[in-house]
Amino acid sequence: MPELPEVETVRRGIGPHVQGRRIARVVVREARLRRPIPADLAARFAGVLVTDIVRRGKYLLFETPAGWLILHLGMSGSLRLVGAAQPPGKHDHVDLELDDGRLLRFCDPRRFGLLLWTREPPVHHPLLAGLGPEPLDESFTGAYLYEKAQGRRLAVKSLIMDSRIVVGVGNIYASEALFRARIRPDRAAGSLGRRDCDRLVESIKIVLGEAIAAGGTTLRDFVDGQGRPGYFRMQLQVYGRGGEACPVCARPLDSARIGQRSSFFCRRCQK
DNA sequence: CCGGACGCCTGTCGGC
DNA sequence: TGCCGACAGGCGTCCG
């Protein structure tokens, strides 16, 4: 579900309500996520202060004096602030009870998500150590992407979805950014010129920025920290629109599977 | 090293 | 109406 804009939307939504509060109690109803929730997590974080919530790629990181919580929403996860009286649903696996009585509730039907903790700053954690630059950071440039693409026969769409190259670009925004950059998603990455890479990097930044401004994309079930959907879906140009008219040239949009993921593009506009 | 396939889970949707 | 396969916003691992 959540790509970078959705995770950032959640962070912005819950941050002001959680930073500076203590976690009164942690309730784990289902520990079997992508990896098991550590058995000592609940005891370790009971009563501790949350000093900050930051995002790295699609990870949410809760800073506390007892260490960091590392949360990933996987494909179907959501994190919502709810009242203490809200009964948990079938897939509400974890509650972080706050000291104001509210609950930060982690729901994840497919259980591809993750909740871990680490004592060291999480940049050193094995899951985060190898991550590439943030797409909205100044260090993510056309020159950087061009260098990374050299000699690669991989489809450019797969390249920009590789978190070692750049974090946060998932299946929706990869198709959208490539359309905006007028580059076919199945082009071999190494065939891109410097100008292509400049346009692609710029397009990724614009698409992600606009998606954050719209509160993310809700296709079926994404909701922010307050349970609200995101509205970027209305601005999607190609994702999920195979067969519909290209918004630029009106030719029917193409769909294809690239790297086992559904992909959408216009073969006339994108080269 | 690289690229592709697979599996982890549950829910939903379309076709028959 | 029911069944069954395909597919879904991610990502680590394995294999050739």
Side-chain angles (χ1 to χ4, degrees), chain A residues 1-10 29-37 55-60 70-79 89-94 106-116 125-132 135 147-178 185-191 204 207-208 211-212 214-224 229-236 238-243 255-264:
Chain A
M1 162 207 342
E3 304 181 33
L4 185 148
E6 290 72 40
V7 178
E8 179 63 18
T9 295
V10 169
R29 291 181 206 85
E30 175 57 84
R32 295 173 302 166
L33 304 185
R34 193 171 101 214
R35 287 158 59 160
I37 297 174
R55 180 190 55 73
R56 175 75 175 106
K58 298 172 190 168
Y59 291 92
L60 282 177
I70 301 175
L71 182 75
H72 195 290
L73 298 176
M75 200 93 129
S76 59
S78 64
L79 191 62
K90 186 177 178 185
H91 302 297
D92 291 334
H93 304 316
V94 181
F106 179 33
C107 175
D108 185 9
R110 290 176 75 180
R111 289 194 272 126
F112 287 175
L114 205 60
L115 179 60
L116 302 173
H125 191 278
L127 285 173
L128 286 87
L131 294 180
E147 188 234 311
K148 291 294 184 185
Q150 288 309 296
R152 303 289 301 269
R153 307 178 79 167
L154 185 72
V156 59
K157 176 166 180 272
S158 300
L159 185 78
I160 61 174
M161 290 177 65
D162 182 341
S163 63
R164 295 166 299 185
I165 302 295
V166 59
V167 296
V169 181
N171 200 38
I172 294 178
Y173 299 115
S175 278
E176 293 297 312
L178 286 158
D186 55 358
R187 278 261 306 268
S191 76
I204 289 170
V207 166
L208 294 181
I212 291 171
T217 298
T218 297
L219 287 185
R220 33 186 346 113
D221 53 11
F222 168 73
V223 289
D224 70 8
Y231 295 101
F232 193 70
R233 182 178 188 173
M234 301 190 305
Q235 296 176 60
L236 293 178
V238 293
Y239 185 84
R241 297 187 183 280
S255 62
R257 285 195 77 81
I258 299 170
Q260 279 83 251
R261 312 300 299 277
S262 59
S263 310
F264 303 90

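Order of the sequence lines fixes the chain letters, A, B, ..., with proteins taken first and strands second; residue numbering starts at 1 for each chain.
- Picking from B:dT10, B:dG3, B:dC8 the nucleotide with the shortest atom distance to the side chain of A:H91 gives B:dT10.
- The heavy-atom pair separating A:G259 from A:S158 by the smallest distance is CA-OG, 4.3 Å.
- As rounded to whole Å, 13 Å separates atom C1' of C:dA6 from atom CZ of A:R220.
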*Footprint string (nucleotides 11-16 of chain C, 5' to 3'): B base within contact, S backbone only, - free, heavy atoms under 4.0 Å*: SS----
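- Across the protein-nucleic acid pair, A:D108 atom CG and B:dC8 atom P stand 16 Å apart, rounded to whole Å.
- Atoms CZ and CD1, from A:F264 and A:I258 in turn, are 10.5 Å apart once rounded to the nearest 0.5 Å.
- Here A:L219 lies in heavy-atom contact (under 4.0 Å) with a base.
- If you take CG of A:D221 and C1' of B:dT12, they are 11 Å apart, rounded to a whole angstrom.
- Taking the P atoms as reference points, C:dC14 lies 16 Å from B:dC9, given to the whole Å.
- When all heavy atoms of A:L60 and A:R55 are compared, the pair lying nearest together is CD2-CB, 4.3 Å.
- Qualifying side-chain contact (heavy atoms from CB on, under 4.5 Å) partners for A:R56, counting only residues two or more places apart in sequence or in other chains: A:L61, A:L128, A:L131, A:E134, A:V167.
- What separates CG of A:L71 from P of C:dG10 is a distance of 16 Å, to the nearest Å.
- Taking the side-chain contact (heavy atoms from CB on, under 4.5 Å) definition, one finds that A:R111 meets it with A:E30, A:R32, A:L33, A:H93, sequence neighbours left out.
- Checking the phosphate oxygens (OP1, OP2) of C:dG9, a side-chain nitrogen or oxygen of A:Y239 falls inside 4.0 Å.
- Across all strands shown, A:R233 has no heavy atoms under 4.0 Å from either base or sugar-phosphate atoms.
- Partners of A:A188 according to the side-chain contact (heavy atoms from CB on, under 4.5 Å) rule, which considers only residues two or more places apart in sequence or in another chain, are A:S191.
- Residues satisfying the salt bridge (Lys or Arg N to Asp or Glu O under 4.0 Å) criterion with A:R187, sequence neighbours excluded, are A:D196.
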Atom pairs, protein N/O to nucleotides 5-7 of chain B N/O, distance under 3.5 Å:
residue : atom : partner : partner atom : Å
B:dA5   : OP2  : A:Q260  : OE1          : 2.4
B:dA5   : N7   : A:Q260  : NE2          : 3.4

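- Using a 3.5 Å distance cut-off with no hydrogens or angles, the side chains of A:S76 and A:D108 do pair a donor with an acceptor.
- Summarising the geometry, the separation between CD1 on A:I258 and C1' on C:dG10 is reported as 17 Å, rounded to the nearest angstrom.
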_Could you spell out the base pairing of DNA chain B as a dot-bracket line? Use Watson-Crick and G-U wobble contacts where both distances are under 3.5 Å, [ ] for crossing pairs, | for partners on a different strand._
.|||||||.|||||||
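- For the salt bridge (Lys or Arg N to Asp or Glu O under 4.0 Å) test, no residue two or more places apart in sequence or in another chain qualifies with A:E147.
- Atom C1' of nucleotide C:dG9 and atom CZ of A:R241 are separated by 16 Å, given to the nearest angstrom.
- Here B:dG3 is the nucleotide among B:dG3, C:dG9, C:dA8 with the atom lying nearest to any side-chain atom of A:L154.
- Shown here are the salt bridge (Lys or Arg N to Asp or Glu O under 4.0 Å) partners of A:R257, two or more places apart in sequence or in another chain: there are none.
- In terms of position along DNA chain B, the nucleotide closest to A:R152 lies nearer the 5' end than the nucleotide closest to the other residue of the pair A:R152 and A:K90.
- To the nearest whole angstrom, the two P atoms, one in C:dA6 and one in B:dA5, are 16 Å apart.
- Legend: residues meeting side chain to side chain donor-acceptor pair (under 3.5 Å) with A:R153, ordered by chain and number and at least two apart, are absent.
- By the salt bridge (Lys or Arg N to Asp or Glu O under 4.0 Å) test, A:R152 pairs with no residue at all, sequence neighbours left out.
- Aromatic stacking of A:F112 on C:dG10: satisfied, with centres closer than 5.5 Å and planes within an angle under 30 degrees.
- The side chain of A:S262 places no N or O atom within less than 4.0 Å of a non-bridging phosphate oxygen (OP1 or OP2) of C:dC7.
- Per the geometry, CG belonging to A:L131 stands 13 Å off C1' belonging to C:dG10, to the nearest Å.
- Put simply, CD1 on A:I160 is 12 Å from P on C:dG10, counting in whole angstrom units.
- Taking only side-chain nitrogens and oxygens, A:R110 never comes nearer than 4.0 Å to OP1 or OP2 of B:dC8.
- Of the listed nucleotides (B:dG3, C:dA8, B:dC9), B:dG3 has the atom at the smallest distance from the side chain of A:R153.
- Among residues two or more places apart in sequence or in another chain, the ring-ring contact (aromatic ring centres under 6.0 Å, His included) test is passed with A:F232 by A:Y173.
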